[in-house]
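Heads up: the structure comes next, in C-alpha cells.
Protein chains get the first letters and strands the later ones, always in sequence-line order, with residue 1 at the start of each.
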Protein chains: 2
Amino acid sequence: MTIAGFDSRQLALFRTVVEAGSLTAAARRVHVSQPAVTAAIQKLEGALGVTLLERSARGVTPTDAGRKLLGHARAIDALMSEAVADVTERHEPLGPLVIGASTTIAAGLLPTLIARFRELEGDVGVRLVVGNTGEILDQVRSRELPLGLVEGPSRAPRIRLERFGDDTLLPVVAASRERRIALESTPVLWREVGSGTRAVVEKALRRRGRRPLPMDLELGSTAAIRRAVALGLGLGFLSRWSIGDALDAGRVRVAPLPDLAIERRFSWASASGELTGTAARFRAFAQRERPSLGH
Amino acid sequence: MTIAGFDSRQLALFRTVVEAGSLTAAARRVHVSQPAVTAAIQKLEGALGVTLLERSARGVTPTDAGRKLLGHARAIDALMSEAVADVTERHEPLGPLVIGASTTIAAGLLPTLIARFRELEGDVGVRLVVGNTGEILDQVRSRELPLGLVEGPSRAPRIRLERFGDDTLLPVVAASRERRIALESTPVLWREVGSGTRAVVEKALRRRGRRPLPMDLELGSTAAIRRAVALGLGLGFLSRWSIGDALDAGRVRVAPLPDLAIERRFSWASASGELTGTAARFRAFAQRERPSLGH
DNA sequence: GATATGCCATAATCAATTCTTATGACCATC
DNA sequence: GATGGTCATAAGAATTGATTATGGCATATC
C-alpha cells in the first residue's frame, strides 16, 4: 500500500492548515510537531505535482490549486463522517457495556466518556469493574472482561493491547498559592501505596531529589487529592484527562515545575481476536471522541 | 496523526476486498500478502467498532454494515479522483518536460509514460537526457536537470531521492524453447560493460556459479536483447516494466529459473527542495499511473 | 469418512514510514 | 539591528506496516 501517497488524512490535515492559517498553528491544533506538518504537506504537494500553499513569514495562504483542493477536502471530510455515522448506526438494542478500568481512569476519564456514549446510544447498561492494572489485565485474559482500559503497560502476554492515548500527570497547586513553588518544603499529596499513579510519581520525585516529608498527606482517591489541592493543602498530581473542570473553575493551576510532567500511556486491553458488540462499539467511539477530551 | 486509524486507503482496500470476494483475492489484486489485508480490515473494523465481513471458508461477504460502508467507500473513491483531476487541471500551458533517465528506463518505461502524459496534457515539449545512473544524478545535483528517474541507488548526497517502484529483471527465453533450461549451457545475452543492468545480472549469475561462455552474446540495447531472445538466441534479462508487449505477442516467456529474478528499485531524483512546474506534474502523474504499468 | 485444497487468523521478524528534537534561514516588527 | 514569529532541514527514535511461516477450519473430492 505504498503506492498512492494520497489519502484522506492528508486532506484533513491540509484543511486544518488552511483554516489555521499556518503550519505551526495547525501542528499545535492536532498535537504534532511543526516539522511533521511540513513534511506531510510537502508529500501531498508531491503526490499532486502542484504547489498548494504560498509560504510567508506570517503563515501560509492557499494557492489557486490549494483553494480548489480545500473544497474537495471539506467534501471528503463530510463524507467520511457520514460514513462513520451511517455504519455505526445501531439497529438492535445494545447489550450492557462491560468494561474494566484502573482507578484513575475509572474516576477521571470514563464517566465523561460513558455519559457521551449513552447520549448517543441510549440507555445502555454499564458494569464498570475497577481494579489496578494487573487485576484488570488478569480478568481480560480470563475472559471475565471483554475490554479493559488501563494505565501503562506496553505489552502483556496473551492479550491484545492497543494504544488509547498518552496521558500527562501534571503537578498542580491551589490557584491562590504564590508563583514559586519550593519543592523541598511544599507538602505533597500522595495516593495510597499500591496505586500505579503513586509509583510513577514517587519515581519522578526521587529523581529530583525530593524525599518524603512528615508534612506530606496520603489520600485514597484522585477526587480527594483534587479537593485537597484546591484547599491549598499542598502539591498534587492530576491526570491531564481529569483535570479540566478543576482548572476551569479556577481553583487550581499547574505548578511551574515543567520537569515534573510525567508521561504515561493509556491502553485498551482485549482478549486476542474478536471484540464485538457493545464493547467494540464503545472502544471505537472512545477512540474517535478522544481528541475532544483532553485539552 | 495516530488518532483516527480510519482513512480513505483503508476504505479503498475494503472495497477491493468486497469486490474480489475474498481477502486472498484482494491481496493478489493489490500485490500485498494476505495477512496484510487481514490486518488492515481488522483495523478498520476496530476503528468503527463494527463487524464488516462475514468470513467463511469460501471467502467473505459483507455484513449489513459492510454493505452500507461499501457505498460510502465508492463515493469517497470517486470524490478523491475528482479532487485529483480538478486540482491537477492546468490553466497556463506547460513548459517543456526536462527529465533525465538511465538507459533501461528511457527505453522501456518512459516512452509509454510520456505518451500518456501528453495525451492528458497536450503537446508538451520533451527533452529526455539519457545517461547511466551516476551521470544523471550528477546533472540533477548541478541543477542541469530538475528531475531524474534512475535505477538503483537508495541514497545519494545532496539529492532528494524518492521511490518510484520496484522492478524485477526477469530471465526470459524464446517461447519455442524447451521447458528445462540448463543454465550452464544456454547462451546469455548481455548488455555492454558499464551498463547498470549488466552489473546486477553479472552479480546474480555469478552467485549461481554461471561463468561467461564463448557462446554468450553482447548487445548494446534492451531492444536488441528482446529481439535476440525472440529469435531463440539465448537467455536474456528484461525489466518487468518493459516486457509486456513481448509476452503478449507470445514470442518470449519467462524462464523457469525463479531464483534468478533480480529485484532492484527505480527512484526519482530531484534537487533538494522545490520541484515545480512540468517536472513536478509529470512525477505526480507517473506515480499515479504506475499501478497500471507493470503487470 | 479420510484426505486434500483453499481460506482466514496468528506470530515473529524486518523494513519502511512518520514522528520528534535540534537547528538554521528568513522575514516582519519593534 | 535585535527579537520573535514563520517555515525548512537533518538525524535519530518510535510506530506502523509489511513479510514469511504456520495453524485451524470448512468445503470439496475421492
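- Atom CD1 of B/I159 is separated from atom P of D/dT9 by 15 Å (rounded to the nearest Å).
- Closest-nucleotide positions on DNA chain C for B/Q34 and A/Q34 were compared, and the one nearer the 5' end corresponds to B/Q34.
- Summarising the geometry, the separation between CD1 on A/I41 and C1' on D/dA8 is reported as 14 Å, rounded to the nearest angstrom.
- With rounding to whole Å, B/E45 atom CD is found 12 Å from C/dA9 atom C1'.
- Rounded to whole Å, the distance from NE2 on A/H31 to C1' on C/dT20 is 16 Å.
- Nearest approach of B/I136 to B/G148, heavy atoms of both residues: CG2-CA, 4.1 Å.
- Among the atoms of the strands shown, only primed sugar atoms or phosphate atoms (P, OP1, OP2) are found under 4.0 Å from some heavy atom of B/Q42.
- A donor-acceptor contact shorter than 3.5 Å is absent between the side chain of B/S267 and the backbone of B/R163.
- A salt bridge is defined here as a Lys NZ or Arg NE, NH1 or NH2 lying under 4.0 Å from an Asp or Glu carboxylate O, and A/D77 with A/R74 fails to meet this definition.
- For A/A36, whose side chain is taken as the heavy atoms from C-beta onward, the closest listed nucleotide among C/dC19, D/dA21, D/dC7 is C/dC19.
- In this structure, A/F164 places its CZ atom 17 Å from P of D/dT15, rounding to the nearest Å.
- Comparing D/dT19, C/dA16, C/dT17 by their closest approach to the side chain of B/S33 singles out D/dT19.
- Contact annotation: A/K43 side-chain N/O to C/dT18 OP1/OP2 distance is under 4.0 Å.
- B/L161 has its CG atom 16 Å from the C1' atom of D/dT9, to the nearest Å.
- For B/T38, whose side chain is taken as the heavy atoms from C-beta onward, the closest listed nucleotide among C/dA9, C/dA16, C/dT20 is C/dA9.
- Nearest nucleotide to the side chain of A/L23, out of C/dT17, D/dC7, D/dT27: D/dC7.
- When distances run from any side-chain atom of B/S22 to the nucleotides C/dC8, C/dT17, D/dT6, the shortest one goes to C/dC8.
- Between D/dT6 and A/R55, no contact under 4.0 Å exists linking OP1 or OP2 to a side-chain N or O.
- For A/R163, the listed nucleotide lying nearest its side chain is D/dT15; candidates were C/dT20, D/dA8, D/dT15.
- In terms of position on DNA chain C, the residue among A/V37 and B/T24 whose nearest nucleotide sits closer to the 5' end is B/T24.
- For B/R58, the side-chain atoms get nearest to D/dT27 when compared with the rest of D/dT9, D/dT27, C/dT18.
- Around CZ of B/R58, the count of heavy atoms belonging to other residues, nucleotides or ligands within 6.0 Å does not exceed 12.
- The CD-C1' distance, from B/E162 to C/dT18, rounds to 14 Å in whole Å.
- A donor-acceptor distance shorter than 3.5 angstrom exists from the side chain of B/T278 to the backbone of B/G95, with no hydrogens or angles considered.
- Of the candidate nucleotides D/dT6, C/dT10, C/dG6, C/dG6 has the atom nearest to the side chain of B/A57.
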